[in-house]
Number of protein chains: 2
Amino acid sequence: MFLVSLIPIRPELPFGAPPERSDAARNRERLLQAARELVAEHGVDAVTMDMLACRADVGKGTVFRRFGSRAGLMMTLLSDAESDFQRQFIFGPPPLGPGAPPRERLIAFGEARIKYVEEYGELARAAAEHSPQNRHDAPPVVLWHRHIEMLLRKAGLDRDPWLMALSLGATLDPERMLHSLRAHGIAPERLAASWRELVTRLLKDC
Amino acid sequence: MFLVSLIPIRPELPFGAPPERSDAARNRERLLQAARELVAEHGVDAVTMDMLACRADVGKGTVFRRFGSRAGLMMTLLSDAESDFQRQFIFGPPPLGPGAPPRERLIAFGEARIKYVEEYGELARAAAEHSPQNRHDAPPVVLWHRHIEMLLRKAGLDRDPWLMALSLGATLDPERMLHSLRAHGIAPERLAASWRELVTRLLKDC
DNA sequence: ATTCTAAACGGACTGCGGTCCGCTTAATAT
DNA sequence: ATATTAAGCGGACCGCAGTCCGTTTAGAAT
């Protein structure tokens with residue numbers, strides 16, 4: 001078996017691109033470390049790009065050259081967790097990974113997403129802010145979406161599974177779930193139970 | 001029958017509050033007219049608060065005193081359309097209004113929301129931007145949500161209808177549907193068909 | 001070592017949403 | 001009419017994301 005590379009949260013540079021200059025690499029590390037510290041100290045929402053530039057002892061232009069935008073920074077910070085998550089539902093053990101029936105995998109997928117949002121929700125929300133493009137068409141989002149669509153097809157749901165996957169994905173939207181969890185104090189188990197109910201009913205006679 | 005007042009998109013001032021001063025009323029009209037003109041001329045997303053203050057010949061402070069925020073302005077601009085929509089699903093003729101079976105009402109509700117988003121989607125999205133509070137807990141959103149919950153209950157869905165209504169509401173989220181319609185070019189009829197499918201399956205054996 | 005150049009850098013600058021506060025004025029009381 | 005006062009007003013100001021452009025520097029070529 002050869003490894004298929006996972007879809008990175010930030011697309012890599014084109015293949016022929018020249019390698020990163022040493023000062024650039026050093027600054028990238030400094031920025032990432034500073035960002036993680038600031039997030040840990042003040043919370044995602046309180047971290048500003050100026051603050052980050054200052055803490056990393058780097059010009060503001062450098063921060064934006066590196067990450068493109070605040071959302072881009074947050075995506076980079078999420079990148080490891082995201083890769084892990086992808087590995088689990090693509091290659092991992094059942095019921096999340098291959099081997100279980102599609103309905104079970106779908107239920108497990110939702111449960112895993114809920115746990116993911118509990119842990120990384122603020123980052124995920126910040127990574128999607130200020131652009132429907134970021135929210136709906138970021139590579140990992142497209143991948144989740146296709147995964148759900150694939151499971152729906154395998155479960156025998158043949159009527160426009162792509163749009164149905166969109167609807168199910170909407171239910172699992174980080175901002176929405178985070179709001180339920182934090183602002184309304186809904187227990188994660190209750191979210192999971194409702195997801196199970198939804199999927200079960202949807203795939204009842206397929 | 002006596003009329004129950006609809007839930008306003010922006011809550012009115014408390015009952016004992018003094019009436020609006022005449023200059024304030026004049027400025028409010030000027031602002032609303034200017035806002036509608038600017039939206040018509042440049043599109044929702046291009047309208048800035050400074051622009052609006054300038055066009056209405058009013059200080060910037062006045063704009064924010066009146067509407068609180070950009071989102072508040074957009075809610076006010078939506079208010080009439082929103083009231084109409086509420087009237088239709090609460091008092092209007094079936095299948096959207098009372099009289100039809102709950103499943104049919106739910107399907108009609110989604111279809112009406114799709115038409116609403118086709119017409120007012122940009123405004124609705126701008127009215128929800130920059131705050132999960134605006135997006136999820138604005139009075140009209142809470143009303144839609146309760147309406148869906150009520151229909152689910154009447155249809156016999158008894159397992160946590162509140163959360164299930166949240167999931168269905170997520171499917172009908174303006175930003176999401178607008179993105180499908182505009183960025184992906186999905187036909188409204190296709191969205192409607194998928195919604196019908198979703199509701200039908202969900203309520204199959206209730 | 002010197003030269004060359006494209007990448008990287010930094011920080012002043014812009015535009016926007018939103019706030020603050022000293023001034024003005026509509027409405028009321030006398 | 002005049003005085004009183006609280007609501008309303010306006011625009012300077014702030015913080016933030018994101019851009020621009022003159023300067024610096026890493027790394028290659030000689």
Side-chain angles (χ1 to χ4, degrees), chain A residues 13-14 16-32 34-35 38-39 42-77 125-135, chain B residues 13-14 16-32 34-35 38-39 42-77 125-135:
Chain A
L13 293 175
E20 196 177 38
R21 242 168 67 168
S22 66
D23 53 344
R26 195 196 58 222
N27 281 337
R28 198 190 58 228
E29 284 318 305
R30 287 237 296 267
L31 281 165
L32 284 176
L38 287 171
V39 165
H42 308 293
V44 172
D45 295 350
V47 175
T48 72
M49 299 304 264
D50 292 82
M51 216 189 266
L52 173 58
C54 178
R55 169 73 72 110
D57 223 358
V58 141
K60 197 177 181 181
T62 303
V63 181
F64 280 89
R65 157 177 297 270
R66 206 55 68 205
F67 303 111
S69 67
R70 198 184 129 93
L73 167 68
M74 301 308 178
M75 286 185 208
T76 304
L77 291 180
R125 188 182 43 182
E129 252 166 9
H130 298 307
S131 150
Q133 200 72 12
N134 282 342
R135 184 185 297 270
Chain B
L13 293 175
E20 197 178 36
R21 245 169 65 168
S22 64
D23 53 345
R26 195 197 58 221
N27 280 338
R28 200 191 56 228
E29 285 316 307
R30 289 236 296 266
L31 281 165
L32 285 176
L38 287 171
V39 165
H42 307 293
V44 172
D45 294 348
V47 175
T48 72
M49 299 304 263
D50 294 84
M51 218 189 262
L52 173 58
C54 179
R55 169 73 71 108
D57 224 357
V58 140
K60 197 178 181 178
T62 302
V63 181
F64 280 90
R65 158 177 295 271
R66 208 53 71 203
F67 303 111
S69 67
R70 196 183 130 94
L73 166 68
M74 300 309 178
M75 286 185 208
T76 305
L77 291 179
R125 188 182 42 180
E129 253 166 9
H130 298 305
S131 150
Q133 201 72 12
N134 282 342
R135 184 184 297 271

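Lettering follows sequence order; numbering is per chain, from 1.
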| task | Indicate whether OP1 or OP2 belonging to dG8(D) is found under 4.0 Å from a side-chain N or O atom of Thr62(B). | result | no
| said: Nearest 0.5 Å, please: how far is CG in Asn134(A) from CE in Met74(A)? | reply: 12.0 Å
| query | What is the distance from CD of Glu20(A) to C1' of dC9(C), rounded to the nearest Å? | reply | 14 Å
| Salt-bridge contact Lys60(A)-Asp50(A) (side-chain N to carboxylate O under 4.0 Å) | yes
| message | Could you work out, with side chain to side chain contact (heavy atoms under 4.5 Å, CB included) as the rule, every residue matching Gln133(B), not counting sequence neighbours? | response | His179(A), Ser131(B), Asp137(B)
| task | Mind calculating the distance between CZ (Arg66(A)) and P (dA17(D)) to the nearest angstrom? | result | 19 Å
| request: Any chance you could measure Leu31(B), atom CG, to Leu73(B), atom CG, to the nearest 0.5 Å? | output: 8.0 Å
| Where along residues 22-30 of chain B does a heavy atom come under 4.0 Å from DNA chain D, residue by residue in number order? | Asp23(B), Ala24(B), Asn27(B)
| message | Determine whether a donor-acceptor pair (one donor, one acceptor, N or O, separation below 3.5 Å) exists between the side chain of Arg21(B) and the base of dA7(D). | response | yes
Shorter than 3.5 Å, N or O on both sides, protein versus nucleotides 16-19 of chain C: list them out with atom names.
{"unit_1": "dG17(C)", "atom_1": "OP2", "unit_2": "Met49(B)", "atom_2": "N", "d": "3.0"}
{"unit_1": "dG17(C)", "atom_1": "N7", "unit_2": "Lys60(B)", "atom_2": "NZ", "d": "3.1"}
{"unit_1": "dG18(C)", "atom_1": "OP2", "unit_2": "Arg70(B)", "atom_2": "N", "d": "2.8"}
{"unit_1": "dG18(C)", "atom_1": "N7", "unit_2": "Lys60(B)", "atom_2": "NZ", "d": "3.2"}
{"unit_1": "dG18(C)", "atom_1": "O6", "unit_2": "Lys60(B)", "atom_2": "NZ", "d": "2.6"}

| request: May I ask you to decide if Val47(B)'s main-chain N or O and Arg70(B)'s side chain share a donor-acceptor pair within less than 3.5 Å? | output: yes
| task | Could you grab the distance from atom CZ of Arg30(A) to atom CG of Asp57(A), nearest 0.5 Å is fine? | result | 6.0 Å
| remark: Tightest non-hydrogen contact, residues Met75(B) and Ala127(B), listed as CE-O, 3.3 Å
| said: Check this for me: does any side-chain nitrogen of one of Arg28(B) and Glu20(B) sit under 4.0 Å from a carboxylate oxygen of the other? | reply: yes
| Spacing between Arg65(B) atom CZ and dG11(D) atom P, to the nearest angstrom | 15 Å
